[in-house]
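Reviewing the structure listed below.
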2 protein chains.
Amino acid sequence: MSINVLVVDDDKIVRDSMKIILSMDGDINVVGTSSNGDEAFEFCRHNRVDVALMDIRMPVCDGVLGTKKIKETFPSIKIIILTTFNDDEYIVRALKNGASGYLLKNISPDKIIKDIKAVHSGNMLIHSDVAKKIGELLSLEKKDNYSAYNLKNNEIKIMQLISDGYTNKEIAGKMFLSEGTVKNKISDILRKLNLRDRTQIAIYYLKGGKLK
Amino acid sequence: MSINVLVVDDDKIVRDSMKIILSMDGDINVVGTSSNGDEAFEFCRHNRVDVALMDIRMPVCDGVLGTKKIKETFPSIKIIILTTFNDDEYIVRALKNGASGYLLKNISPDKIIKDIKAVHSGNMLIHSDVAKKIGELLSLEKKDNYSAYNLKNNEIKIMQLISDGYTNKEIAGKMFLSEGTVKNKISDILRKLNLRDRTQIAIYYLKGGKLK
DNA sequence: TTTAAAGAATGACTTAAGTCATTTAGAGTG
DNA sequence: CACTCTAAATGACTTAAGTCATTCTTTAAA
């Protein structure tokens, strides 16, 4: 029971070399190659594919969209996104669409083979560089970010409470301060972060301390 | 160059059986066992550990906290969270703390061994069931949720703009409405969602339409 | 035609938010 | 002791937010 692999990349050299590399392993059977997401989807409709190795930047139909199409119709096909880029946007979108792996191209042949097998056995596999990004995307390192704006613990506490939806009076009650002091502190926060009002503070905070 | 593995679980039976299972593989060397996160941290300070298999629910110091402690002092040690539970809260917290893998306990011995090797080689590995959760956490079908409250497209659009930090006047300009109308519509939204003010709307929206 | 129903607008009103100058009190430093 | 820094508070003020009753359409239904 070998693993049927489809290679999807707009670059013919990559397609061919990938095919050669993967064919070195007895368990892997490269059943075809496609040059964009649409072709890959068509191929899947007419052939049995277990794992698709998918480039992300391709003309006509990119890897994200290709993943979506294939996954919608053939949820059992595992998709590994394979790219030279390390782009936040792509990671999230591809994972949302059901990609099972996210590997960088500069990886050794035997590692790719191992990874294909891991994904085929049902796991989700993410390259360590990419994994770091995901950690960040799951909102991380808030404190470092805040300290860059010289925010005090007190002020961060107020940001949290604003982001929980409390009024100034409620915040004052919880922190044993007067309402006026809370207002003043909010003014300080707004100045430091260059924001306009409490709603923007909540947005800023909930998005993990990243502006814009 | 075998992989030095530490098994962390409060249940002695799990510890022992895991040790036996892992020792069947020539590349894996179980160097020790601990019964909670603190013990594991202490063990890491005195022994060379490559990979720690960590249960999540343990007395004294649970797996999430254990991961944090170990990762802070020994970032090169890979940690695999191993649990019978499939809990959103834990997943995110453990990943934030730097866990490299998240596996469910009902997994075959040879698969655990494979996974340990995959993690040791630098990848992040997530069990497919857990991966689904992450996908949900990253995306979240907002629209279904909103329709439950009879929100109109217009009102959802206003929610979006509030959550981008705009004032009523700016929203009015973007939607070609008067400021008064925007105010009225916000009152409608607040009534439907049982919220108090625009900040709570933004919080509600940014958290994916989940109240509480 | 009458009658609703829904979208947008207006004006008057109340209140929470945010700004700012100023004051007070404690803690540390020279 | 005088000096400085900081945290907290106050009061007066401006403005954005939110509520509500009412009006004016337009569209659709009876």
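Just so it is clear: chains get the letters A, B, ... in the order the sequence lines come, proteins before strands, and each one is counted from 1.
Contact check, A:N168 against C:dA16: no side-chain N or O comes under 4.0 Å of OP1 or OP2. Dashed line: the shortest gap from a side-chain N or O of A:R196 to OP1 or OP2 of C:dG18 is not under 4.0 Å.
Closest contact between the side chain of A:K183 and the listed nucleotides C:dA17, D:dT10, D:dT19 involves C:dA17. Residue B:K185 places its side chain closer to C:dG7 than to any other of C:dG18, D:dA8, C:dG7. For A:I186, the side-chain atoms get nearest to C:dG18 when compared with the rest of C:dG18, D:dA17, D:dT19. Of the listed nucleotides (D:dA17, D:dT19, C:dT19), C:dT19 has the atom at the smallest distance from the side chain of A:S187. Listed nucleotides: D:dG18, D:dA9, C:dT10. Nearest to the side chain of B:N184: C:dT10.
A straight line from CZ of B:F176 to C1' of C:dG7 spans 17 Å, rounded to a whole angstrom. Rounded to an integer number of Å, the gap from CD of B:E155 to C1' of C:dA6 is 12 Å. When the P atom of D:dT19 is taken as reference, atom CD of B:E179 falls 14 Å away, rounded to whole Å. Between the CE atom of B:M159 and the P atom of D:dG18 there is a distance of 13 Å, given to the nearest Å. The CD1-P distance, from B:I158 to D:dA17, rounds to 13 Å in whole Å. Distance B:D188 CG to D:dC20 C1': 12 Å, rounded to the nearest Å. Counting to the nearest Å, the P atom of C:dG18 and the CD atom of A:Q200 are 10 Å from each other. Following rounding to the nearest Å, B:L190 (CG) and D:dA16 (P) show an atom-to-atom distance of 19 Å.
A:D9 and A:V14 make their closest contact through OD2-CG1, 3.1 Å (heavy atoms, listed as atom of the first residue, atom of the second, distance). Summarising the geometry of A:R48 relative to A:V31, their closest heavy-atom pair is O-CG2, 4.1 Å, with the distance given to 0.1 Å.
Residue B:N154 is in sugar-phosphate contact alone, with no base atom involved, counting any heavy-atom pair closer than 4.0 Å across all strands shown. The residue B:K169 sits apart from the nucleic acid: no heavy atom pair falls under 4.0 Å. Within 4.0 Å (heavy atoms only), A:D197 reaches sugar-phosphate atoms of the nucleic acid but no base atom. Here B:T181 lies in heavy-atom contact (under 4.0 Å) with a base.
When the nearest nucleotides of DNA chain C are assigned to A:G180 and B:V182 by heavy-atom distance, the more 5′-ward of the two goes with B:V182. Checking A:T167 against A:R191, the closest nucleotide of DNA chain C that is more toward the 5' end is the one next to A:T167.
Between B:D188 and B:K185 no salt bridge is recorded (no basic side-chain N to carboxylate O distance below 4.0 Å).
Under the side chain to side chain contact (heavy atoms under 4.5 Å, CB included) rule, B:R198 has a single partner from B:I162, B:I203, B:L190, which is B:I162.
Using modelled atom types, no side-chain atom of A:N4 and backbone atom of A:V49 make a donor-acceptor pair closer than 3.5 Å.
Side-chain contact between B:D55 and B:D11 is absent, with no heavy-atom pair separated by less than 4.5 Å.
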